[in-house]
Amino acid sequence: MAKVQPARETAAPLIPARPTLPALREAARACRACDLWKRGTQTVFGEGSSRAQVMLVGEQPGNDEDLAGQPFVGPAGKLLDRALEEAGIDRGQAYVTNVVKHFKWEPRGKRRIHAKPDVVEITACLPWLQAEIAVVKPRALVCLGSTAAQALIDRKFKVTQQRGQFVPSPLAPLVTATVHPSSILRAPDDVTRREERARFVADLQKVAKALSGG
Ligand code: SF4
């Protein structure tokens with residue numbers, strides 16, 4: 001049973017001295033570095049191979065992920081799976097994770113509605129993601145949505161304007177950002193949804209092409 005840790009400013013002191021993905025996942029289960037642990041069912045750590053070539057980073061787990069304890073298993077995750085397949089990226093070769101590891105939500109009737117994590121929560125949680133990047137050392141790092149892009153690339157990064165571009169970064173040889181798949185699901189109509197989905201696949205195809213040396 002993981003030991004409960006007292007509240008602290010960031011998760012940095014919890015990172016194991018010799019981090020591996022299993023050791024990080026186990027340590028993160030007991031994280032209390034921000035208040036989100038009180039709201040979420042459990043810590044939702046990243047998943048995938050420690051040798052993954054591509055790391056995809058979202059904002060935070062959603063309702064389904066919170067209950068399952070796994071990232072990207074709900075409708076947005078299914079969209080991501082299919083888009084990766086269409087782009088020629090094997091989901092089995094990808095590592096998926098989030099900037100924030102607990103589900104932040106607000107009640108609306110009986111439903112739990114997504115709430116955006118704030119800067120304190122993002123700062124507190126970032127050491128987990130930095131440790132995942134350090135262990136996996138992906139060749140391509142893909143930020144899904146503005147929270148991930150602004151946490152990992154630049155505070156002023158605008159996904160709407162800069163999506164699909166590769167930006168210089170110490171984090172990985174190829175670093176880019178696109179929209180979060182949940183934003184495609186929220187499109188106002190079928191035509192927009194189809195268009196947004198095609199743009200999303202096109203952004204992922206650029207990553208596949210760059211990985212293959214194209
Ligand atoms: S959201 Fe991150 S920093 Fe906050 S308690 Fe959960 S794992 Fe720890």
Side-chain angles (χ1 to χ4, degrees), residues 1-50 52 55-74 76-77 80 94-108 111-138 141-155 157 171-172 177 180-183:
M1 186 84 174
K3 204 172 141 204
V4 172
Q5 301 290 332
R8 61 190 75 220
E9 283 183 6
T10 84
L14 303 179
I15 305 297
R18 287 190 184 82
T20 60
L21 291 179
L24 286 166
R25 185 174 294 111
E26 179 60 23
R29 285 177 54 206
C31 184
R32 306 288 186 265
C34 79
D35 284 343
L36 292 185
W37 68 273
K38 296 176 188 170
R39 238 183 281 192
T41 305
Q42 56 195 315
T43 306
V44 181
F45 206 71
E47 270 191 3
S49 164
S50 61
M55 183 179 285
L56 299 127
V57 185
E59 180 191 80
Q60 62 165 342
N63 186 63
D64 294 335
E65 289 77 12
D66 171 74
L67 297 174
Q70 294 176 276
F72 289 98
V73 291
L80 175 63
Y95 186 93
V96 290
T97 190
N98 287 295
V99 173
V100 169
K101 311 294 196 224
H102 270 99
F103 178 35
K104 183 174 182 181
W105 58 276
E106 282 159 7
R108 193 172 301 161
R111 296 180 61 207
R112 304 190 301 170
I113 303 298
H114 163 274
K116 209 171 166 57
D118 62 29
V119 69
V120 172
E121 293 148 355
I122 290 169
T123 305
C125 212
L126 211 49
W128 295 120
L129 177 57
Q130 289 165 334
E132 288 173 293
I133 295 170
V135 170
V136 177
K137 297 186 185 64
L141 185 66
V142 184
C143 302
L144 302 173
S146 61
T147 298
Q150 290 170 2
L152 290 178
I153 300 175
D154 187 330
R155 249 176 347 114
F157 193 92
L171 297 174
H180 193 285
S182 63
S183 71

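Index from 1, following the sequence. Both counts, for ligands and for their atoms, begin at 1 and track the order of listing. Heavy-atom basis, side chains included; hydrogens, waters and symmetry copies ignored.
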Colleague: Rounded to the nearest 0.5 Å, how far apart are NZ of K104 and CG of L36?
Modeller: 6.0 Å
Colleague: Specify side chain, backbone, both or neither for A11, according to which of its non-hydrogen atoms lie closer than 4.0 Å to ligand 1.
Modeller: neither
Colleague: For A52 and V136, work out which heavy atoms get closest and say how close.
Modeller: O-CG1, 3.6 Å
Colleague: Going by the atom numbers of ligand 1, which of them fall below 4.0 Å from some non-hydrogen atom of C125?
Modeller: 1 (S), 2 (Fe), 3 (S), 7 (S)
Colleague: Could you identify the N, O or S atom of H102 positioned closest to atom 6 (Fe) of ligand 1?
Modeller: ND1
Colleague: Determine, for R39 against E121, whether the closest basic-nitrogen to carboxylate-oxygen distance falls under 4.0 angstrom.
Modeller: no
Colleague: How far is atom 8 (Fe) of ligand 1 from its nearest protein heavy atom, and which residue and atom name does that atom have?
Modeller: C31 SG, 2.3 Å
Colleague: Going by side chain to side chain contact (heavy atoms under 4.5 Å, CB included), Q60 matches just one of K116, H102, H114. Which one?
Modeller: H114
Colleague: Give the numbers and elements of all ligand 1 atoms closer than 4.0 Å to a heavy atom of V100.
Modeller: 1 (S)
Colleague: State the atoms of ligand 1, each with its element, that fall below the 4.0 Å cut-off from a heavy-atom position in A33.
Modeller: 3 (S), 5 (S), 8 (Fe)
Colleague: For the atom pair CG (L171) and NZ (K137), what is the distance rounded to the nearest 0.5 Å?
Modeller: 13.0 Å
Colleague: If hydrogens are left out, which of A30, A12, C34 has an atom nearest to atom 4 (Fe) of ligand 1, that is, the closest non-hydrogen atom?
Modeller: C34
Colleague: Please check: side-chain N/O of E47 versus main-chain N/O of T97, any donor-acceptor pairing under 3.5 Å?
Modeller: no
